[in-house]
Structures are given as structure tokens and as C-alpha cells.
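Quick note: residue numbers are just sequence positions, from 1.
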Amino acid sequence: MFSVVVETGRSGPRTIRCLHKECGIGRSEENLVILQGWSIANHHATIRVIDEAIYIQGNGGRAAVRVNGSAIKSQHGPIEATDVVEIGDYRLSITSELGKSRRGAQAAPTRPIGAPAPASTPVAPSPAATPPSAPETQSTSTDLATTSDAPPDIVVWRERVHASLLKQMDLRRIDVHSLSDEELRIKTGELIDAVMSKEYADLPKVINRKMLAKQVLDEAIGLGPLENLIEDNSVTEIMVNAHDQIYIERAGRIEKSPVYFTNDRAVLSAIERIVTPLGRRIDESSPMVDARLKDGSRVNAIIPPIALRGPSISIRKFAKRKLEGRDLITFGSLDESMLAFLEIAVRERKNIVVTGGTGSGKTTLLNILSNFIPDRDRIVTIEDAAELKLVQPNLVALEARPPNLEGKGQVTIRDLVKNALRMRPDRIVVGECRGGETLDMLQAMNTGHEGSLTTAHANTPRDAISRIEVMVLMAGMDLPMAVVREQISSAVDLIVHQRRYPCGSRKVSHVTEVTGIESGTIQLQDIFNFKVTTFNGTDGKVEGDFVATGAIPEFMEELADRGVSIDLGIFRKPGE
């Protein structure tokens, strides 16, 4: 009856033939023309042949149905071969094969959208009475499209091969739980090769067989399209907003990734493969979870009914190579003087709070500072989801635990901080203080565990003090504010504030000393600052200078009395 040429930026044109007078367009497999995307409805539009002319009707959906740029609200037609139908990111060209009144008894050839119209050369009439040849392989979406007519979109083929793979694994009664990860990967790869050789030997040439096999393997037993992103060292963050919307952060800038999942079920499967080995769960009763990958990358996942557009995943990747202080200088996060001062402060057991906004690099900076701790010290690390990678030999790493199915067995950060005090630690490193555990952390800093480190969310060092006060009150203790501030001023020695600028670069913008309390207000003194000179530098990055304020930390006199060698020149203001 008619042919539909579908084009999208994700793949080349594909041609679909409809042999009836009506066919559907949408996300559901019941349609002949299957489109992907959260804005595409299950039954988005319908193409009909009425009196040998082609009409299209929108059935409702987030993405409007447009013909030559104009949105249609009801049935529109007749559709000419030169008309362009747009639905979301897709462009469709519809050509009739009836060859009667509208095309002078000729069959209209299918051409890609935007190609020049063919010359009016007579061709032999299409044998309308001849029945179509028997299909070699039935499509999973309709019995009207043969293998040669099936869309060459790799996502559609990935879904079909995956379904065939599951049938083969079920028929062979393969016990996947008895196989190791490597054995399962080898066995599944062999099954995929067998399925593709037997059932998909006539795969369209536009489909890369090796790429298709790898995508099916990754989605079947791995993390699907995220596997390649995780292996890419230039990607620092992965954000799955919906199954067909994946964004990444590269060089501090966010961009949309060309890869995407087949459907929401594939995203759920990837989440389950991450959380199940860690003894955590995610379901409707517990729709949010924090976890980690084998390489230490931090994962947060949230699913419907809380996530309205489908399951969502956020992955914060960490460098596979252990970062050192010199790397901060190479990245332009601080300068030599600041690094030398921080190394002395950590080594000489000063309590440090690393602050900053979300994604500013607090955990990475904390990890680097922790590596300055001498090997002779006994360290206890406490985290919600283990991310820190310390190299000291005398180390105990603790991780919080969520409640089980019965709502029991929860172990909070606060419980672990209290328990750590009984483990004879020299230093306690808490991944992040975000609640009542802040009070216990201050108590530890004030009771013989000098040199402890932690992080907290804040926009400036002064805001960090206010946040710590609020988090102490969250412990449920009815403490006077004067007592809380006394605890903070005596416990915290330094606040190291890191900021992420709009261009994506991360800088240590403040190194601030807590000097004490006066008239009920905690006194702060900046030691180093990052002074911005321009936001219009090369490559759009912020430009500026790391400068000393000229103030010398009060604890330097104490260190000098102990015979610690210090170069006071690092505190000299520019020009002095």
C-alpha cells in the first residue's frame, strides 16, 4: 500500500512497507513503525489510506506531529511524497505504492528525506495482484514486515536478539548463578554468536554485527550502554535521566551521550546488577539506593513511582589511578604554597573540614589529603557508600547499611562514629557529615583524635560554620548555641573550601583557619584565596591567581616550638 522512510540523528534512514490500508506509529511493539523516546506515546499516530490517498492522524503524545513544520491536531492529508512528517527527533517520508490516480499509474520510488526528486521516467507498473513473497523471518512487532523490510535501527535489532538469547538460555536450562562472572560472559557470548548465526544470518549490512553482539552482551549481563562510558577515562560522571536520555560530564562540561538503553526494563536490570551483590535492594517500598561499582565509583539510583520518567541512575566516577598532591597542581586546583601548607597541616594532626557544593570534588580532595597521613597512624574510615581509597597499612574501613525488608538491621553513620571511638583510632575520616553524626565527629576531634578529616556541603567557609551548627542540632540534643559554637571552635582547625566554576574547572578557593570565638561568633581567618581575574580566558575557563593573604596561622608558633621546620615564605602576600 505505502512505504515509510524513517530518519533520525542516531541512525541512517530505514524503510518500512505497509501492505494494509492502516498502520500505527509509536513506542508499542503493536505498531509497524516503532519509534523510541520518552516523548513518544505507545500509539502516537496512525497512517491511513482513504480513496487511494494517504492521511495521517495524531493520537496524542508529548511530541507534536508536524507536517512540513506545522503541527496537526486531527487527521491531515492527502500526504504527498515530498511532505516531511516530524515526530520528536524523527522525520518520516510517506510514499504511496498504489500508482493510480495520484501518480499516473506508476509506483513511486522510495527516497531518503531531502534527496532530489527523481526524473519522470516511465517504469513498469507494479504487479498489484501478485502476492508478496513469504517472509523469511517474522518481525517481532508485526507479521506484515519481512526481515528485508525491518528497520535497520540497531536498538530494534538489539531488543530482538536479546529476546532470542533469553529463549535460548531458558531452553538450555543454564544456571547462571553457578557461573563466575568470566564464565557467564564467555558462555553468553557464545550463545549470542549462535543465535545471530542461526536466526539473524540475513542481518542488514548497515548493522555492525560485532557491535550488535557486544551491545546485547553488555545489556544481558552487564550495565548495557553504560559499559563503554565507564571504560572511557575522559568521562567523570554519568547521568541516566530516562532509558533514552543519558548525559555525561567530560572535562567539567555536561553533554548528551549518543548511547541509550533499549527500554526501562533494561535500566532496572542494570540497577539490580549493581545493588544485589552489595546486599542492598531497590523496589517500590524502597525506591532509592546508594551503592558503588567494583572500581569504587559511586552510584545513586531511583525508580518509579518516585521517578516519573522512568528509572534514573547517577554515577560519580573516580580516577582509576591513585591521585596525588602533585595532580592538584597539574589540574590547576591549587598552587605549590597551598599544597605545602595542607601537607604540613595533615601531617601535624590538624582537624580539617573539606567543604564545597555538589560535584565540586570534595571526596577527591579528601582522598588526596588523607594520603598525607603518616603510615604509623591507625585510621578508621566511615562512609555511606565506600569511596575513599587510602594507602596506609593500619586502616579499618567501615560502611553504613540500610534497613532490610523487615525494616531492621540499619547501621547509620552515627552508629559507626560512636563505635569507631572504641576501636583505638588515631584518626577518624568520615566521608561526609550530613546529620547528627556531626556532633559525634566534633566530640571525637575534641577527645584525643586530632588530625581527623571530613567533608560537608556548603557554599563558603562562613556558610560551613552555620551548616555544622544546624547539623549538630539534628542530633536531637537540646544544646545551647553557645555550647555548640564552643565545640566547633575548639574542634575544627581548618576549612578547605573547593568550588566548581561554571566552566567546569574546580579550584580550592579558600583555605581558612578557625581562630576561636569572640562575642559568641566564631572567628575565621583566610590563609589562601583564589582571586578570579576573568571568566573569558582561553577555552572559556576561569582565570585567576592563588594568593596568600599574609596571615600566618596561629598554630604555626606551636609547631615552631616543637621543632617543625616551616618555610614562612609561603604565607607572604604577592609583592612583599
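A donor and an acceptor atom, one from each side chain of Ser333 and Arg506, are nowhere located under 3.5 Å apart. For the residue pair Thr236 and Glu249, a side-chain donor N or O sits within less than 3.5 Å of a side-chain acceptor on the partner. The closest side-chain donor-acceptor pair between Asn263 and His243, if any, does not fall under 3.5 angstrom.
Residues Arg253 and Cys503 meet the side-chain proximity criterion, which asks for heavy atoms closer than 4.5 Å. At least one side-chain heavy atom of Arg316 sits under 4.5 Å from a side-chain heavy atom of Glu237. With contacts defined as side-chain heavy-atom distances shorter than 4.5 Å, the pair Tyr247/Ser257 does not qualify. Contact of the Ile25 side chain with the Val4 side chain is not registered, since no non-hydrogen atoms from C-beta on lie closer than 4.5 Å. No side-chain heavy atom of Asp384 sits less than 4.5 Å from a side-chain heavy atom of Glu432. Here the side chains of Asp232 and Ile248 are not in contact, with every heavy-atom distance at 4.5 Å or above. Side-chain atoms of Ser297 and Ile230, non-hydrogen and from C-beta on, never get closer than 4.5 Å to each other. Contact check for Ile79 versus Phe2: no side-chain heavy atoms found under the 4.5 Å cut-off.
Considering only residues two or more places apart in sequence or on other chains, Glu383 meets the side chain to side chain contact (heavy atoms under 4.5 Å, CB included) condition with Thr381, Ala386, Glu387, Leu388.
For the pair Thr533 (side chain) and Glu543 (backbone), a donor-acceptor distance under 3.5 Å is present. Of the possible donor and acceptor atoms, none in the side chain of His44 sits under 3.5 Å from a partner among the backbone N and O of Val65. Under a 3.5 Å cut-off, the side chain of Lys507 and the backbone N or O of Tyr501 do not form any donor-acceptor pair. With hydrogens and angles disregarded, a donor-acceptor distance shorter than 3.5 Å links the side chain of Asn68 to the backbone of Val84. One N or O on the side chain of Asn367 and one on the backbone of Lys389 form a donor-acceptor pair closer than 3.5 Å. Counting only distance, with no hydrogens or angles, the side chain of Arg309 and the backbone of Asn241 share no donor-acceptor pair below 3.5 Å. Distance alone, capped at 3.5 Å, places no donor-acceptor pair between the Ser509 side chain and the Phe530 backbone.
Remark: Tyr55 OH to Ile94 CD1 distance equals 13.0 Å, nearest 0.5 Å. Rounding to the nearest 0.5 Å places CG of Leu92 at 12.0 Å from CG of Asp83. Between the OG1 atom in Thr355 and the CG atom in Asn459 there is a gap of 9.0 Å [rounded to 0.5 Å]. Within the model, atoms CG of Leu32 and CD of Glu22 stand 11.5 Å from one another, a figure rounded to the nearest 0.5 Å. Between Thr455 atom OG1 and Leu365 atom CG the span is 10.0 Å, to the nearest 0.5 Å. Between atom CD of residue Glu399 and atom CD1 of residue Ile413 there is a gap of 8.5 Å, rounded to the nearest 0.5 Å.
Within 6.0 Å of CD in Glu284 there are 12 or fewer heavy atoms belonging to other residues, nucleotides or ligands.
Nearest heavy atom pair, residue Val259 against residue Ile246, reads O-CD1, 3.6 Å. Minimum interatomic distance between Ile306 and Ile302 (heavy atoms only, all atoms of both residues): CG2-CD1, 3.3 Å. Of all the heavy atoms in Ile282 and Pro287, the pair that sits closest is CD1-O, 3.7 Å. The two residues Thr95 and Ala81 have their closest heavy-atom pair at CG2-CB, 3.6 Å. Smallest separation of non-hydrogen atoms from Ala63 and Ile40: CB-CD1, 4.5 Å. Between Leu308 and Pro305, the closest heavy-atom pair is CD2-O, 3.8 Å.
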query = Given the rule in the salt bridge (Lys or Arg N to Asp or Glu O under 4.0 Å) test, do Glu86 and Arg91 qualify, once you have shown the distances and angles that lead to the verdict?
reply = CA-CA 5 Å; Glu86 296 175 291; Arg91 296 198 304 165; 5.5 Å; no
task = Output, in order, the C-alpha distance, side-chain angles, deciding distance and verdict of side-chain contact (heavy atoms from CB on, under 4.5 Å) for Gln245 and Lys256.
result = CA-CA 8 Å; Gln245 274 197 353; Lys256 189 173 182 180; 4.3 Å; yes
inquiry  = Quick one, Gln498 with Thr364, criterion side-chain contact (heavy atoms from CB on, under 4.5 Å). Give me CA distance, side-chain angles, the key distance, then yes/no.
reply    = CA-CA 11 Å; Gln498 182 149 293; Thr364 301; 5.9 Å; no
task = Before giving the answer on side-chain contact (heavy atoms from CB on, under 4.5 Å), spell out for Leu226 and Ile313 the whole-Å C-alpha distance, their side-chain angles and the decisive distance to 0.1 Å.
result = CA-CA 10 Å; Leu226 303 185; Ile313 308 174; 4.3 Å; yes
task = Please test Thr358 against His457 for side-chain contact (heavy atoms from CB on, under 4.5 Å), starting from the C-alpha separation and ending with a verdict.
result = CA-CA 7 Å; Thr358 300; His457 282 84; 3.6 Å; yes
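Here salt bridge (Lys or Arg N to Asp or Glu O under 4.0 Å) pairs that include residues 36-47, with residues two or more places apart or in two chains, number zero.
Among Leu223, Val240, Asp244, the one residue that satisfies the side-chain contact (heavy atoms from CB on, under 4.5 Å) test with Phe261 is Val240.
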